[in-house]
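Here the structure is a predicted model, which means the values were calculated and not measured.
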Amino acid sequence: MAGTMYYEVPVKIEEDKEEGVFRVTSPALSELITEGATFEEALDNARDALIAVFEIYEELGRPLPSSIVEHDERQMAHGGIDTHMLAAG
């Protein structure tokens, strides 16, 4: 059985003061575009959007861009990663 995989995905979070939202995009995944009323909501929405984008890539048989780094549970357990990461799987 496969364990949970973790992915480092570069994201850009910008506050749009005119619209009152935090917008999330990714230079690695042009399909990843979402927003939230707060920073935390924007991150939560980004996690959901990322899972949807990964599902689309899988359905189309497309590989993830090389700038997205994959880690497994063993790497995470050894403390090798110190960043916000999104879990999928």
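- Note on R23 versus E14: no salt bridge recorded, every NZ/NE/NH1/NH2 to OD/OE distance being 4.0 Å or above.
- Inter-residue side-chain proximity for F39 and E15 is flagged as unmet; no heavy-atom pair is nearer than 4.5 Å.
- Residues passing the side chain to side chain contact (heavy atoms under 4.5 Å, CB included) test with T25 are K12, I33, sequence neighbours excluded.
- Looking at every heavy atom in both residues, P65 comes nearest to Y57 through CD-CE2, 4.0 Å.
- Rounding to the nearest 0.5 Å places CD1 of I51 at 11.0 Å from CG of L32.
- Using modelled atom types, no side-chain atom of E58 and backbone atom of F54 make a donor-acceptor pair closer than 3.5 Å.
- Of the possible donor and acceptor atoms, one in the side chain of S26 sits under 3.5 Å from a partner among the backbone N and O of P10.
- Residues Y7 and I56 do not share a hydrophobic cluster, clusters being chains of Ile/Leu/Val/Met/Phe/Trp/Tyr side chains in contact below 4.5 Å.
- Applying the side chain to side chain contact (heavy atoms under 4.5 Å, CB included) test to E59 and every residue at least two apart in sequence or in another chain returns nothing.
- Side-chain atoms of N45 come within 3.5 Å of backbone atoms of E35 as a donor-acceptor pair (strictly under, hydrogens ignored).
- In this structure, V24 is not a member of the same hydrophobic cluster as V21, with clusters built from ILVMFWY side-chain heavy atoms closer than 4.5 Å.
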Residue pair L43, I13: steps toward the side chain to side chain contact (heavy atoms under 4.5 Å, CB included) verdict: CA-CA 9 Å; L43 280 179; I13 303 174; 3.6 Å; yes
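- Here the side chains of L29 and I68 are in contact, with some heavy-atom distance below 4.5 Å.
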